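Proteins come first, then strands; the chains are lettered A, B, ... in the order of their sequence lines, and each starts at number 1. For clarity, every value in this text was computed on a predicted model and none was experimentally measured. Quick note: numbers below take in every heavy atom, side chains included, and nothing from hydrogens, waters or symmetry partners.
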2 protein chains.
Amino acid sequence: MNQNYDENAKIIKAISDPSRLKIIDILSCGERCACDILQHFDFTQPTLSHHMKVLMDSGIVDSKKDGQWSYYFLNSSKCNKLILFLMNLITETDECICKDKSKCECK
Amino acid sequence: MNQNYDENAKIIKAISDPSRLKIIDILSCGERCACDILQHFDFTQPTLSHHMKVLMDSGIVDSKKDGQWSYYFLNSSKCNKLILFLMNLITETDECICKDKSKCECK
DNA sequence: ACTATATATAGATGTATATCTATATGCGAG
DNA sequence: CTCGCATATAGATATACATCTATATATAGT
């Protein structure tokens with residue numbers, strides 16, 4: 001385990017909100033502009049802008065500008081790395097963080 | 001996509017903290033008592049107790065009491081379900097939430 | 001029964017976050 | 001250049017959370 005908990009925690013925190021999970025679900029179908037994403041929610045446009053900023057700051061979503069529209073899309077490399085991180089996290093490996101199991105005081 | 005964003009967001013939120021990621025890493029090597037987990041951290045025992053409560057409330061960690069010790073272990077079923085949820089989330093499927101792509105106002 | 005140890009709970013505090021309204025910025029059409 | 005639309009930013013507010021100290025509870029050993 002590479003133990004880069006901080007960076008992965010940041011990505012995981014970014015997707016730890018039901019609305020942002022739904023946004024990712026939407027983006028999994030391909031890139032979308034903000035106005036299109038907003039149609040799926042009840043909150044206001046600035047709130048969506050906030051959520052998109054959180055997702056972009058974590059790196060799991062990228063964007064491109066085309067005229068007055070901003071298009072958002074998943075960063076598939078980051079997505080795949082996150083899945084791999086989680087799969088490694090829950091799988092016991094040789095480089096286990098607590099290989100000093102014998103040190104445990106309670107037996 | 002089954003769209004149970006709320007329950008999964010709760011689990012994801014539970015693991016969205018660097019310390020709790022490290023706890024999960026530790027538990028991936030097998031069950032551990034609280035005192036053993038605590039040795040890997042700088043914070044106090046009540047803080048660990050708080051983190052374990054968050055992980056237990058989300059269902060991703062279970063515990064059993066043995067004498068004065070509490071042993072914690074990963075709920076592998078929940079772990080696997082979470083990985084599957086995330087893999088489905090980032091993968092475009094037929095039941096895509098926004099199959100009404102044509103409705104998008106910006107083309 | 002007394003004491004030491006393991007863990008949980010209560011309450012306080014500072015920080016982060018989700019949301020809103022109001023406003024700014026940037027762009028295309030006329 | 002001006003207007004309307006898409007998006008971002010600023011600032012406010014209420015809630016959630018990570019952490020601490022102090023204390024309670026439970027268990028084991030003497």
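Between B:Phe43 atom CZ and D:dC20 atom P the separation is 8 Å, expressed in whole Å. Here the C1' atom of nucleotide C:dA18 and the CG atom of A:Asp42 are 15 Å apart, to the nearest Å. Atom OH in A:Tyr71 sits about 8 Å away from atom P in D:dT7, given to the nearest Å. If you take CG of B:Leu38 and C1' of D:dC20, they are 14 Å apart, rounded to a whole angstrom. For the pair A:Met52 CE and D:dT9 P, the interatomic distance rounds to 13 Å; values are reported in whole Å.
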Report all interatomic pairs (protein N or O, nucleotide N or O of nucleotides 15-18 of chain D) with separations under 3.5 Å.
from, atom 1, to, atom 2, distance (Å)
D:dA18, OP1, B:Arg20, NH2, 3.0
D:dA18, OP2, B:Arg20, NH1, 3.2
D:dA18, OP2, B:His50, NE2, 2.9

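Separation of the B:Phe43 and B:His51 ring centroids falls under the 6.0 Å cut-off.
Atoms CG and OG, from B:Asp6 and A:Ser19 in turn, are 8.5 Å apart once rounded to the nearest 0.5 Å. Atom CD1 of B:Ile83 sits about 7.5 Å away from atom OG1 of A:Thr91, to the nearest 0.5 Å. Taking OH of A:Tyr71 as the reference point, atom CG of A:Leu27 lies at 13.0 Å (rounded to 0.5 Å).
Checked against side chain to side chain contact (heavy atoms under 4.5 Å, CB included), A:Ser70 has the following partners two or more places apart in sequence or in another chain: A:Lys65, A:Tyr72. Partners of A:Ser58 according to the side chain to side chain contact (heavy atoms under 4.5 Å, CB included) rule, which considers only residues two or more places apart in sequence or in another chain, are A:Ile11, A:Ala14, A:Ile60. Among residues two or more places apart in sequence or in another chain, the side chain to side chain contact (heavy atoms under 4.5 Å, CB included) test is passed with A:Thr44 by A:Pro46, A:Thr47. Evaluation of the ring pair (Phe, Tyr, Trp, His ring centres under 6.0 Å) rule for B:Phe73 yields no partner, not counting sequence neighbours.
In this structure, B:Phe41 reaches neither bases nor backbone, as no heavy-atom distance under 4.0 Å exists between it and the strands shown.
Put simply, A:Tyr72 has a side-chain N or O that comes within less than 4.0 Å of OP1 or OP2 on D:dA8. Taking side-chain N and O atoms only, B:Thr44 has a distance below 4.0 Å to OP1 or OP2 of D:dC20.
Hydrophobic clustering (ILVMFWY, side-chain heavy atoms < 4.5 Å, transitive): A:Val54 and A:Leu21 are in distinct clusters.
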- Message: Using a 4.0 Å heavy-atom cut-off to protein, can you give one letter per nucleotide of nucleotides 22-28 of chain D, 5' to 3': B if the base is in contact, S if only the sugar-phosphate is, - if neither?
- Response: B----SS
